[in-house]
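All chains are named by letter (A, B, ...) in the order of the sequence lines, taking the proteins before the strands, and each is independently numbered beginning at 1.
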Amino acid sequence: MEPITVTRFAPSPTGALHLGNARTALFSFLLGRASGGRFILRIEDSDRGRGGPEFIVSQLADLAWLGLSWDAGPDRDDGRGPYRQSERGPIYDGLYEKLEFEGYAYPCYCTPLELDVARRAQLAASQPPRYPGTCRGLDSAARAARAAEGRQPALRFRVPDAGVIEFEDLVRGPQSVAAATLGDFVLRRADGGPMFFFCNAVDDSLMDVTQVLRGDDHLSNTPRQLLLLQALKMPVPRYGHLPLLLDASGAPLSKRRGSTTVGELRERGYLAAAVGNYLLRLGHTGAPDQWVEPAEFARNFSLDRLGRAPAHFDAAQLDHWQREAVRRLTPEQAVHWLDAELPADWSGQQRLEFAGLLQGNLLFPADTADWLPVLRGDLPPLTAEDSSVLAEAGPAFFEAALTAYHEVGADVGALGRELKQRTGRKGAALFMPLRIALTGRHDGPELAALLPAIPAALVRARLTGAARAH
RNA sequence: GCUCCCAUCGUCUAGAGGCCUAGGACACAGCCCUCUCAAGGCUGGUACGAGGGUUCGAAUCCCUCUGGGAGCGCCA
């Protein structure tokens, strides 16, 4: 039987979830849970000095908002937890011991200063900055001597001097790296905390993760994790490295640079399904050019349709999917989306009517502010162009419109016929000045739908005003 | 500095030696439809980073260069 696919997303709580990470999370989710496997969430908070719990909360909320749900995570243990690395110390302790006992790891007493000096010297000599191996061959007497100085050792992995590490990357294909280029890396810090290479690899294995999708920046680190897991004789997941996401200027999206975060998009009113449709196509093909429902994402996702080159974030494309998403909102959903922007005193029915009327003309909830005055207040000043349209129509036109409105009311069809008869105007020459006088702008929903939504007193006042001013 | 990864329209990309005078989507421009906007339909411009090979034939394979990115941390 084919073993079940288990994927994971392992954010570190050092900032808000940005688009690049969201994409990695989405793809992992699609490959796992959405395809009948499992998807788990692990918080990589092994560095106590950085980040904070507020970021765990916000990242979880962002993930949930995007529609990604997880089978296990910090809020949902399935027996393989805990799912926060800061709580997994005891698990790591046994592994350190085993590694050291079997000779795969050794204590390193070098100080940060010593390491820094060595690194600079190597760089100056055009050598790659690697751990020089100072503590590699220390005997027990030498170790005791250093310990007696009060030095707290870190634990380093002993990388083989020779050999080649080979693996098949899920998106890049066969990879191979010479062990000699690696250098012994730290497993456990002097303060006892685990290092990324160690806890990340070990946890994936312990949590039965079968496929790891992560950023390109981990590609060169993968051999280390492979070596480590092999030394531990633990199951090794398959790794796939996604190209990084760049911003419009070509710089990598990152937390530090404050690049587009999921939270920001949500606050601006982007719909999760829009972000999903965009992300699904960013560096990935196979989805049709048309809108795809989130429930169909997994069906349209495939590892071998992943691109290898870094992709740029393009707001115009996101907005395209946003427009598609807004169009597909039911009136109830649209009201919910718009809620905070609508007048508090409006009834549910009024909200529904407003949403139904303007949904096609809004890209963000904030755009509501452009339309509220049309339905219930003073119109902003006209543009010169719009104003000249009113002038061209002339006072008589608006007087006729006023009379016609008295007679037929808000029925635009009847109003149009009446006006045509009275003024001889038709088509755009008839409706355009009417629209501008009534709404203060030249675009928007059909007048037939718009006119009944404007209170009669306002309609009369605007037509009167147009007749006077022009 | 060393190692690794990447390279097709402005952007996302199709393309796995002849189907490519390079296709689609977004964006842009024009036209049609329409009271307008949006949607829809049609049309248009814009790309294989450079140079060498291999081959009857290369966007596709190889090499060099260029450009971009990553890694080399007691960060993740």
Side-chain angles (χ1 to χ4, degrees), chain A residues 10-14 44-47 49-51 85 108 110-112 115-116 119 122-131 152-156 169 172 175-178 180-183 185-197 199-200 214-224 241 243-244 246 248 250-252 255 278 281-290 305 307-321 323-324 326-327 359-363 412 416 425-436 439 441-448 450:
Chain A
S12 62
T14 51
E44 307 229 318
D45 55 352
S46 60
D47 184 359
R50 306 207 311 171
Q85 286 181 332
C108 169
C110 296
T111 63
L115 293 172
D116 191 49
R119 193 173 300 122
Q122 287 167 323
L123 244 16
S126 294
Q127 296 293 314
R130 281 199 287 267
Y131 179 64
Q152 280 296 318
L155 188 68
R156 272 184 199 275
D169 190 273
R172 294 183 188 284
Q175 309 286 320
S176 84
V177 178
T181 65
L182 259 27
F185 54 94
V186 172
L187 262 19
R188 184 191 59 212
R189 289 192 285 260
D191 69 4
M195 283 290 286
F196 169 78
F197 291 132
C199 51
N200 178 270
R214 48 168 27 169
D216 223 352
D217 47 341
H218 292 295
L219 184 58
S220 350
N221 293 330
T222 306
R224 284 174 243 271
H241 292 91
L244 261 19
L246 311 178
K255 294 169 191 170
Y278 178 56
R281 293 165 173 89
L282 196 51
H284 174 260
T285 49
D289 289 334
Q290 292 77 32
R305 302 302 302 176
R308 267 142 279 244
H312 296 75
F313 169 74
D314 180 11
Q317 275 170 72
L318 209 208
D319 285 353
H320 166 73
W321 296 113
R323 183 166 287 115
E324 293 288 320
V326 171
R327 279 179 56 196
Q359 178 171 353
N361 293 80
L362 305 175
L363 200 52
V412 170
R425 286 173 174 264
K426 58 178 181 178
L430 187 157
F431 286 99
M432 217 44 211
L434 197 56
R435 168 182 290 279
I436 293 170
T439 69
R441 51 193 296 167
H442 58 258
D443 61 352
E446 286 185 6
L447 261 187
L450 209 40

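- Contact annotation: the side chain of Val412(A) approaches that of Phe431(A) to within less than 4.5 Å [non-hydrogen atoms, C-beta and beyond].
- Rounded to whole Å, the P atom of rU66(B) lies 15 Å from the corresponding atom of rG51(B).
- Only the P atoms considered, rU11(B) is 24 Å distant from rU21(B), to the nearest whole Å.
- Across all strands shown, Leu434(A) has no heavy atoms under 4.0 Å from either base or sugar-phosphate atoms.
- Contact of the Ser220(A) side chain with the His241(A) side chain is not registered, since no non-hydrogen atoms from C-beta on lie closer than 4.5 Å.
- Nucleotides rG67(B) and rG49(B) are separated by 7 Å at their C1' atoms, to the nearest Å.
- Counting to the nearest Å, the C1' atom of rC26(B) and the NE2 atom of His312(A) are 15 Å from each other.
- Taking atom C1' on both nucleotides, rC63(B) is separated from rA25(B) by 35 Å, rounded to a whole Å.
- Toward the 5′ end of RNA chain B lies the nearest nucleotide of Gly283(A), the other residue of the pair Gly283(A) and Asp289(A) mapping further downstream.
- Within 4.0 Å (heavy atoms only), Gln317(A) reaches at least one base atom of the nucleic acid.
- Between Phe196(A) and Ser12(A), the closest side-chain pair of non-hydrogen atoms is not below 4.5 Å.
- Base pairing of rG1(B): its partner is rC72(B), meeting the Watson-Crick or G-U wobble criterion (both donor-acceptor distances under 3.5 Å).
- Contact between Gln175(A) and Asp169(A) at its shortest, heavy atoms only, is CG-CB, 3.9 Å.
- Nucleotides rG17(B) and rG53(B) place their C1' atoms 15 Å apart, quoted to the nearest Å.
- Note that NE2 of His442(A) is 7.5 Å distant from CD1 of Ile436(A), once rounded to the nearest 0.5 Å.
- Contact check for Leu182(A) versus Pro223(A): side-chain heavy atoms found under the 4.5 Å cut-off.
- Atom-to-atom, CZ of Arg224(A) to C1' of rC72(B) comes out at 6 Å; the value is rounded to the nearest Å.
- Along RNA chain B, the nucleotide nearest Tyr131(A) and the nucleotide nearest Ala311(A) are compared for position; the residue whose nucleotide lies closer to the 5' end is Ala311(A).
- Using a 4.0 Å heavy-atom distance criterion, Phe197(A) is classed as a base contact.
- Looking only at side-chain heavy atoms (C-beta outward), Arg172(A) and Asp216(A) come within less than 4.5 Å of each other.
- Base pairing annotation: rG44(B) forms a Watson-Crick or G-U wobble pair with rC28(B), both donor-acceptor distances under 3.5 Å.
- Residues Phe197(A) and Val186(A) fail the side-chain proximity criterion, which asks for heavy atoms closer than 4.5 Å.
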For nucleotides 2-6 of chain B, print each protein N/O atom paired with a nucleotide N/O atom at under 3.5 Å, atom names and distance only.
from   : atom 1 : to        : atom 2 : distance (Å)
rC5(B) : O2'    : Arg172(A) : NH1    : 2.9

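- Protein atom CD of Gln152(A) is 17 Å distant from nucleotide atom P of rC74(B), rounded to whole Å.
- On the C1' atoms, rA58(B) is 10 Å away from rG18(B), given to the nearest whole Å.
- Here His241(A) lies out of heavy-atom contact (under 4.0 Å) with every strand.
- Asn221(A) comes within contact range of at least one nucleobase, with a heavy-atom separation under 4.0 Å.
- Rounded to an integer number of Å, the gap from Asp217(A) CG to rG68(B) C1' is 15 Å.
- With both pairing distances under 3.5 Å, rA50(B) is matched to rU64(B) as a Watson-Crick or G-U wobble pair.
- Whole-Å rounding puts the Arg281(A) CZ to rC12(B) C1' distance at 10 Å.
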*asked:* Strictly under 4.0 angstrom, non-hydrogen atoms only: write out the protein contact profile of nucleotides 28-46 of chain B, one letter per nucleotide from the 5' end, B, S or -.
replied: -------BBBSS-------

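- With hydrogens and angles ignored, the 3.5 Å screen pairs no side-chain donor or acceptor of Arg214(A) with any backbone N or O of Leu219(A).
- Under the 4.5 Å side-chain criterion, counting only non-hydrogen atoms from C-beta, Asn361(A) is not in contact with Asp443(A).
- Following rounding to the nearest Å, Phe313(A) (CZ) and rU13(B) (P) show an atom-to-atom distance of 14 Å.
- Considering only side-chain atoms of Ala316(A), the nucleotide from rC12(B), rC26(B), rC72(B) that sits closest is rC26(B).
- Atoms CZ (Phe185(A)) and P (rC75(B)) sit 15 Å apart, rounded to a whole Å.
- As rounded to whole Å, 18 Å separates atom P of rA25(B) from atom OH of Tyr278(A).
- With rounding to the nearest 0.5 Å, the separation of CZ in Arg156(A) from CE in Met195(A) is 9.0 Å.
- Listed candidates were rA76(B), rU11(B), rG69(B). Nearest to the side chain of Leu244(A) is rG69(B).
- Across rC48(B) and rU8(B), the matching P atoms stand 11 Å from one another, rounded to whole Å.
- Side-chain contact check for Arg130(A) versus Thr181(A): some heavy-atom pair is nearer than 4.5 Å.
- When both pairing distances are held under 3.5 Å, rU34(B) makes no Watson-Crick or G-U pair with any nucleotide shown.
- Distance noted for atom C1' between rA16(B) and rC75(B): 39 Å (whole Å).
- No contact: Arg214(A) has no heavy atom under 4.0 Å from any strand.
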